[in-house]
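Comments concern the structure below.
By convention in this document, chain letters (A, B, ...) are assigned in the order of the sequence lines, proteins followed by strands, and residues within each chain are numbered from 1.
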Amino acid sequence: MTDNKKTVRDERIDMIRNLRENGVNPFPDRCECTHRLHEALELPENADNIRLAGRIIAIRKMGKLSFSHIQDADGKIQLCLTQDDLGKENYTFFKKSIDIGDFIGVKGSIFVTKTGEKTLRVTEFQLLSKAILTLPEKWHGLSDLEACYRQRYLDLIVNEESRRRFQIRRDLIRKIRHYLEDHDFMEVETPILQSKPSGALAKPFITHHNSLDLDVYMRIAPETYLKRLIVGGYTRVFEFAHCFRNEGISTAHLQEFLMLEYYAAFWNYEDNMDFTERMLTAVLQKVLGNLTIEYKGNSIDFSTPWPRKSLRDVVLEGTGIDINQVKERDALLKQAEDKSIDLSDVNVDALGWGSLVDAIYKKACRPNILSPLFLTSHPKELSPLARANDEDPSITDRFQVVVMGMEIVNAYSELVDPIDQRERLQKQQQLRDAGDDEAMEFDEDYIHCMEYGMPPISGWGMGIDRLTALLTNEENIKNTVYFPLMRPLESRKKFEE
RNA sequence: GAGGGAUUAGCUCAGUCGGUAGAGCAUCUGCCUUUUAAGCAGAGGGUCGUGGGUUCGAGCCCCACAUCCCUCACCA
């Protein structure tokens, strides 16, 4: 519109029109490259005819000589452009029409500057894409958390730390996948849209299928489908399963999260603890290069063996309460009060004995667990899909891996007895009918499947997002996914053309 | 869901007692052939989150709302 209030964006749009009028395509369709940027840094001095492409993140113009840096996801390299090398016309074009944020393709040879930086001496260049908005500041980067979540692309461009975090997440998933495949596990996919949510205690998202006129649920866990596949004859299966839970937001909870689950026929939970130690240490060694991480000022050592303790022992050590001696709900509550365990924000009236044990553990014990610990032998009430222990049927053959007060892994010997399973799910359904909406829904189809015969199985689940947060010293789990769910902003201001 | 905090230029941030809206980077103009937060000289850029209120006068005080962050509760 008027000339005296032009934004940078207006000026860039004008520039694009001028470029087109002068026969320059501001958005060519391709660029031939000989190397990625991190590869180019490995090239010897004087390597010639090198063709690279990337986004310009810095320009330093000094008359007839300019330096610049281009960047891609894995690296950046300095460019040196001079009027002598490019000719006056091309050099002037660079100075006048190339900006920070643009993509360019360059050709030239490798040399080392006076300050010792490997640099491409550019003999030819081509504008690959003209940016019309400017990038965030080069020094402070983008620090506004909301902007990082909503505009992750900017976060990735300007914040090295963010790129590293997502790299670790990718590596973690890749190395785990390789390890499982190397140990005879098969990757499978099971439904996300389910007519009945099962496999965990959580509130689902509900949606609707139009032509079946059927309410369906986004899965809260892949568990019962993966076990159906074991019945189908597979011995070891795993899935990186996106799960959805319609629950509160926090620094430790996403609405949509990635859970790895695997199931191994003929293993019990003790076999599985051994495997867990081997797999996670192998993966950490490959991803991080060592077994020690720093998290919020604590140093955590994943060296094996990790201690194995029953929930009873952990509660006994943490509180002095022996849950084996206090099997009565009210008596347990009284002991907790005697030990002045603060359960004031817990709705104790709604809890049975098992849930009360869990509440005491979470309040008084779990926050103090730093290093990796196998927590075993949870009460049966807390584990409707886990196998009861042969010696003590009141507890289950179950374990969790607890690190820094976080449950990273949950696993158990699976319940494979269809009669027992039917009874337990009927009990859950009764709790549910009585108003406990965290109890599990009865699943006849799953029981029916079990009745065809299920081998001994140990199953295992781990939250990839939380593990990523732990390994990257990240406090907010939102930063472990590219685009966390956010409330939409009121419609972004529209610009006239 | 409860409590606390933040919101000022594209980005990072100042803004005193209520009295004309500030800096650095980025942008534009000029100079500059080894810089790397390049430098030097000059210039442009603001609905102070939104809507009310108090006041002669509000970025600042009051109320409501919006978004985000933190803590707590449920859940991995």
Can you check the distance between [N] and [M], where both ends of the measurement are the [atom1] atom (answer in whole Å)?
| N | M | atom1 | result |
| --- | --- | --- | --- |
| B:rG15 | B:rA9 | C1' | 14 Å |
| B:rG5 | B:rC61 | P | 12 Å |
| B:rG19 | B:rA58 | C1' | 10 Å |
| B:rA73 | B:rU67 | P | 24 Å |
| B:rG18 | B:rC60 | C1' | 7 Å |
| B:rG59 | B:rA14 | C1' | 12 Å |
| B:rU8 | B:rG46 | C1' | 8 Å |
| B:rC56 | B:rA37 | C1' | 47 Å |

| field | Under 4.0 angstrom between A:Arg487 side-chain N/O and B:rU67 OP1 or OP2 | value |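 True: A:Arg487 side-chain N/O within range (under 4.0 Å) of B:rU67 OP1/OP2.
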
| said: It should be established whether A:Asn246 places a side-chain nitrogen or oxygen under 4.0 Å from OP1 or OP2 of nucleotide B:rC74. | reply: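 So the side chain of A:Asn246 is outside the cut-off, no N or O lying under 4.0 Å from OP1 or OP2 of B:rC74.
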
Under 4.0 Å, heavy atoms only, any strand: does [X] hit a base, just the sugar-phosphate, or nothing?
| X | value |
| --- | --- |
| A:Lys76 | nothing |
| A:Met259 | nothing |
| A:Gly461 | nothing |
| A:Ile408 | nothing |

With both distances under 3.5 angstrom, what nucleotide forms a Watson-Crick or G-U wobble pair with [N]?
| N | value |
| --- | --- |
| B:rC32 | none |
| B:rG46 | none |
| B:rC56 | B:rG19 |
| B:rA2 | B:rU71 |

Give the nucleotide from the list [options] with an atom nearest to the side chain of [X].
| X | options | value |
| --- | --- | --- |
| A:Glu146 | B:rC69, B:rC13, B:rU67 | B:rU67 |
| A:Thr134 | B:rC28, B:rC69, B:rG10 | B:rG10 |
| A:Thr251 | B:rC75, B:rC13, B:rU71 | B:rU71 |
| A:Leu142 | B:rA37, B:rC74, B:rC11 | B:rC11 |
| A:Glu137 | B:rC68, B:rA26, B:rU12 | B:rU12 |
| A:Arg245 | B:rC75, B:rU67, B:rG10 | B:rC75 |

Could you check how far [atom1] of [X] sits from [atom2] of [N], rounded to whole Å?
| X | N | atom1 | atom2 | value |
| --- | --- | --- | --- | --- |
| A:Tyr153 | B:rG10 | OH | C1' | 13 Å |
| A:Asp358 | B:rA73 | CG | C1' | 15 Å |
| A:Leu154 | B:rA26 | CG | P | 17 Å |
| A:Asp144 | B:rA9 | CG | P | 11 Å |
| A:Asp102 | B:rU27 | CG | C1' | 13 Å |
| A:Leu135 | B:rA37 | CG | P | 18 Å |
| A:Ile57 | B:rC25 | CD1 | P | 18 Å |
| A:Gln255 | B:rC74 | CD | P | 17 Å |

| First of A:Pro136 and A:Gly463 reached from the 5' end of RNA chain B, by closest nucleotide |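 The residue whose closest nucleotide sits nearer the 5' end is A:Pro136.
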
| 5' precedence on RNA chain B between A:Lys138 and A:Lys362 (nearest-nucleotide basis) |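 The residue mapped nearer the 5' terminus is A:Lys138.
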
| field | Under 3.5 Å donor-acceptor, A:Glu474 side chain and A:Asn476 backbone | value |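 Here the side-chain-to-backbone pair exists.
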
| message | Using modelled atom types and a 3.5 Å cut-off, is there a donor and acceptor pairing between side-chain atoms of A:Glu239 and backbone atoms of A:Thr190? | response |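 Between the backbone of A:Thr190 and the side chain of A:Glu239 there is a qualifying donor-acceptor contact (under 3.5 Å).
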
| For the side-chain contact (heavy atoms from CB on, under 4.5 Å) test, which of A:Ile395, A:Asp358, A:Thr396 pairs with A:Leu382? |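 When side-chain contact (heavy atoms from CB on, under 4.5 Å) is applied between A:Leu382 and each of A:Ile395, A:Asp358, A:Thr396, only A:Asp358 qualifies.
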
| Along nucleotides 29-35 of chain B, 5' to 3', which nucleotides get a B, which get an S, and which get a -, given that the test is a protein heavy-atom distance under 4.0 Å? | -S-BBBB

| task | Describe, in one word, how the ring planes of A:Phe185 and A:Trp267 are oriented to each other, choosing from parallel (under 30°), tilted (30 to 60°) and perpendicular (over 60°). | result |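 The rings of A:Phe185 and A:Trp267 stand perpendicular, inter-plane angle above 60°.
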
| Taking the inter-plane angle between the rings of A:Phe94 and A:Tyr91 on a 0 to 90° scale, is it parallel (under 30°), tilted (30 to 60°) or perpendicular (over 60°)? |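 Because their plane-to-plane angle is under 30°, the rings of A:Phe94 and A:Tyr91 count as parallel.
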
| said: Applying ring-ring contact (aromatic ring centres under 6.0 Å, His included), can you list everything that pairs with A:Tyr179, at least two apart in sequence or on another chain? | reply: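 For A:Tyr179, the residues satisfying ring-ring contact (aromatic ring centres under 6.0 Å, His included) (neighbours in sequence not counted) are A:His183, A:Phe275.
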
| query | What pairs meet the salt bridge (charged side-chain N to carboxylate O under 4.0 Å, His left out) rule with one or both residues in residues 133-145 of chain A, with sequence neighbours excluded? | reply |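 Listed by first then second residue: nothing to list.
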
| request: Verify the neighbour count for atom NZ of A:Lys309: are there more than 12 heavy atoms of other residues, nucleotides or ligands below 6.0 Å? | output: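 Count not over threshold, so no.
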
| said: Around atom CD of A:Glu89, are there more than 12 heavy atoms from other residues, nucleotides or ligands closer than 6.0 Å? | reply: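 Check fails, neighbour count at 12 or below.
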
| task | Decide, applying a 5.5 Å centre-distance limit and a 30° plane-angle limit (both strict), whether A:His140 stacks on B:rC25. | result |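 It does not: the ring fails the test against the base of B:rC25.
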
| said: Would you say the rings of A:Tyr412 and A:Phe399 are close, in the sense that their centroids are separated by under 6.0 Å? | reply: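 No, too far apart.
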
